[in-house]
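Take a look at the structure set out below.
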Number of protein chains: 2
Amino acid sequence: MPLRAADQIMHKAAWLYYSHGLRQDEVAQKLEISRASVAMYLRRARETGIVNITTSTELFTDDVLARELEDATGLKAVWIVPEDRQAMDPAAEMPVVAASVFLELINKGDRVGVAWGRTVYHIADVMPFADLRGVTVVQLCGNLGAPYSYRPDQCTTEIARRLNAEGINFYAPLVLSSERLAEELRGEPVIREQLDTIADCHLALYSVGGIEDDSHLVKCGALSAAEMHRLGEEGAAGVIAGQLIDHDGQWLNCAHNRRCISADLESMRAIRKRMMVVQEEAKFEPLVAALKGGFASHLIVTTSMARRVLERWGREGLGRIPSTD
Amino acid sequence: MPLRAADQIMHKAAWLYYSHGLRQDEVAQKLEISRASVAMYLRRARETGIVNITTSTELFTDDVLARELEDATGLKAVWIVPEDRQAMDPAAEMPVVAASVFLELINKGDRVGVAWGRTVYHIADVMPFADLRGVTVVQLCGNLGAPYSYRPDQCTTEIARRLNAEGINFYAPLVLSSERLAEELRGEPVIREQLDTIADCHLALYSVGGIEDDSHLVKCGALSAAEMHRLGEEGAAGVIAGQLIDHDGQWLNCAHNRRCISADLESMRAIRKRMMVVQEEAKFEPLVAALKGGFASHLIVTTSMARRVLERWGREGLGRIPSTD
DNA sequence: GGAAGGGTTTGACTTTTGTCACAGCGCATG
DNA sequence: CATGCGCTGTGACAAAAGTCAAACCCTTCC
């Protein structure tokens with residue numbers, strides 16, 4: 001579809017300003033509009049992704065700790081978000097770093113999977129605008145109404161919107177009340193199809209969930225605190241795309257998992273770039289489980305978390321994690 | 001290699017300013033330096049490619065003429081540089097468009113070939129700075145000392161420098177005085193090797209040369225005006241990477257070509273994205289020859305040139321050009 | 001040891017940009 | 001055909017960014 005007249009002017013203004021380096025008043029003169037309008041168009045061009053400003057994330061990979069962690073675990077790349085007071089607050093910094101890394105890892109025409117959770121939503125929230133037509137953003141797990149606004153489909157949609165990419169949502173609930181129904185629904189062509197395309201993703205963005213009483217699954221009502229507690233005793237260590245994994249990162253054969261409609265964990269592992277972002281210190285054990293399970297190839301963590309993982313790897317003599325490459 | 005202290009500060013400043021949207025004085029305060037220093041670091045960050053600002057080239061593809069030309073010729077994409085007085089001077093605009101398109105077409109890890117000529121040099125001259133480590137820029141043709149400063153190796157080097165990419169130069173002259181010597185030199189392992197990698201390029205950037213008396217090859221002294229004139233009578237229609245092609249875009253079996261050390265034309269055609277940029281109106285016939293020869297998959301031309309090509313294609317009932325895809 | 005030379009850093013000043021309240025204009029709607 | 005609504009455009013002012021000469025390091029070299 002051809003450009004609308006106003007979009008045409010916006011493109012021209014952006015082009016003259018950013019590519020030719022004219023001043024706003026020169027642009028205004030050339031386009032015969034006021035300088036204020038030029039400023040307005042330029043803002044809009046930035047917010048539409050017509051103009052793209054990206055910053056290298058090298059600052060966060062440039063760290064001996066990152067190198068050590070990569071060497072010890074076999075992760076492809078590690079970004080370390082520092083916690084000293086010279087830096088930004090890590091809670092605010094982590095999503096920004098993650099969003100930048102995400103953009104760095106996307107290639108033209110890629111299919112990317114986006115999972116769910118507070119972390120992912122925060123990343124969506126600071127995702128820069130870009131013009132990535134040709135990219136497809138797919139939702140990795142079923143939907144779950146949340147009391148606050150972090151529904152899986154919202155994460156996908158928001159990211160797709162900002163990237164100007166196509167968003168493909170998953171129109172099924174995350175958990176059903178019976179295994180039979182879940183099984184049947186999984187077999188439905190429209191759902192089946194989407195589940196099947198997940199392994200074709202070039203990049204996945206997710207976090208790992210904890211299994212405490214205040215974990216996301218509990219808060220959203222998918223599981224009661226008591227159930228979660230019991231699952232912990234049965235060996236659950238963390239949550240990946242709504243499903244419980246054990247301490248070795250394997251799918252846990254439990255009622256909840258069997259009733260769950262979400263990316264099958266084998267498909268997730270098959271994705272070449274698995275970008276895992278972990279914010280809270282409390283997610284240490286879940287993270288270790290996820291790493292053992294091979295759910296990450298690219299990792300973004302705080303300094304202290306990186307230290308703890310490195311220490312654990314050394315202490316337990318854990319080797320390099322399985323890689324799909 | 002870890003970052004130098006000053007680079008670290010530059011990265012931090014760029015990060016806070018561009019990724020977090022702090023003001024320069026806030027950045028200055030955070031980093032405990034003066035605002036003037038922040039401004040200085042930011043400029044440097046832009047000039048180093050740590051910060052990347054790109055503008056969509058959609059403005060130039062959004063044109064019915066571009067669509068028609070793509071459909072008629074089978075070119076993958078066409079960018080049209082307008083000539084109305086509302087726009088910039090096409091002579092200044094074309095290289096800027098070309099540079100942007102070039103950046104748009106490069107992917108991480110690509111090997112890109114760069115040919116030679118005034119046009120290419122102008123493109124290098126306005127190429128934005130970027131941080132494309134992992135990209136390799138290779139020179140597509142042998143060297144030729146020019147009275148002015150457009151030597152093939154300089155084009156390659158300058159582009160590589162701006163992109164922070166690796167530049168691979170070609171240490172051989174473009175034309176030798178005897179066929180025997182050219183043949184022997186082509187057989188030298190170091191040259192052979194470079195010639196062999198050309199077909200592995202993912203992207204090539206070039207223009208097509210004319211065969212008039214004031215053509216580049218003549219001006220640089222590779223051929224005399226008289227020789228060029230004679231070659232024209234023998235069927236030469238244009239110049240690709242220093243070599244003459246006939247009206248169908250085929251390699252011309254002439255003494256000059258046999259004495260030439262440059263990318264073999266089959267290799268050039270094997271490159272998936274062949275980006276051709278043509279500025280001068282006088283290059284119409286050479287362009288048609290180059291198109292027939294399949295030397296372009298992506299084309300950047302002025303409005304009037306696009307019209308002429310389209311008209312010719314229609315008049316002669318020429319089909320879609322051969323494509324390597 | 002001291003001078004020269006490279007790069008940083010800064011304060012003070014100028015230029016450029018962002019913003020906002022309000023004016024205009026087209027278009028659908030009652 | 002008036003009314004109102006959403007969008008685009010503007011002038012004037014405030015805020016932010018760019019610039020430059022001069023000061024200030026270090027390091028090197030005589």
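The sequence lines fix the lettering, A, B, ..., with proteins before strands; numbering per chain opens at 1. Side chains are part of it too, since the values below use all heavy atoms of this structure and drop only hydrogens, waters and symmetry mates.
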May I ask you to verify if any side-chain N or O of A:Tyr41 is less than 4.0 angstrom from the OP1 or OP2 atom of D:dT8? no
For D:dT10, take OP1 and OP2 only and decide whether either is under 4.0 Å from a side-chain N or O of A:Ser37. yes
If the condition is side chain to side chain contact (heavy atoms under 4.5 Å, CB included), which residues does [X] pass it with, not counting sequence neighbours?
X	result
B:Ala160	B:Val137
B:Val126	B:Pro95, B:Val96, B:Ala99
B:Ala39	B:Gln24
B:Ala92	B:Asp89

Any residue meeting ring-ring contact (aromatic ring centres under 6.0 Å, His included) with A:Phe60, in chain and number order, not counting sequence neighbours: B:Trp15
Taking [atom1] from [X] and [atom2] from [N], how many angstroms apart are they, rounded to a whole number?
X	N	atom1	atom2	answer
A:Met10	D:dC7	CE	P	14 Å
A:Gln29	D:dT10	CD	C1'	17 Å
A:Arg44	D:dT8	CZ	C1'	8 Å
B:Ile33	C:dT8	CD1	P	12 Å

For B:Arg307, salt bridge (Lys or Arg N to Asp or Glu O under 4.0 Å) partners two or more places apart: none
Is any side-chain N of the basic residue among A:Glu47 and A:Arg44 closer than 4.0 Å to the acidic one's carboxylate O? no
Considering residues at least two apart in sequence or located in another chain, which fulfil the side chain to side chain donor-acceptor pair (under 3.5 Å) criterion with B:Ser37? B:Ser34
Which residues pass the side chain to side chain donor-acceptor pair (under 3.5 Å) test with A:Asn143, sequence neighbours left out? A:Gln139
Please report how far the helix from C:dG1-D:dC30 to C:dG30-D:dC1 bends, comparing the axis fitted to its first five pairs with the axis fitted to its last five, to the nearest 10 degrees. 20°
So which protein N/O to nucleotides 24-26 of chain D N/O distances come out below 3.5 Å?
none

Under-3.5 Å N/O pairs linking protein and nucleotides 15-22 of chain C:
from	atom 1	to	atom 2	distance (Å)
C:dT16	OP1	A:Arg23	NE	2.6
C:dT17	OP1	A:Tyr17	OH	2.9
C:dT17	OP2	A:Gln24	N	2.9
C:dG18	OP2	A:Gln24	NE2	2.5
C:dG18	N7	A:Arg35	NH2	3.2
C:dG18	O6	A:Arg35	NH2	2.6

Does anything in residues 122-132 of chain B form a salt bridge (Lys or Arg N to Asp or Glu O under 4.0 Å)? List the pairs, not counting sequence neighbours. B:Asp131-B:Arg133
Between the side chains of A:Ser100 and A:Thr57, is a donor N or O closer than 3.5 angstrom to an acceptor N or O? no
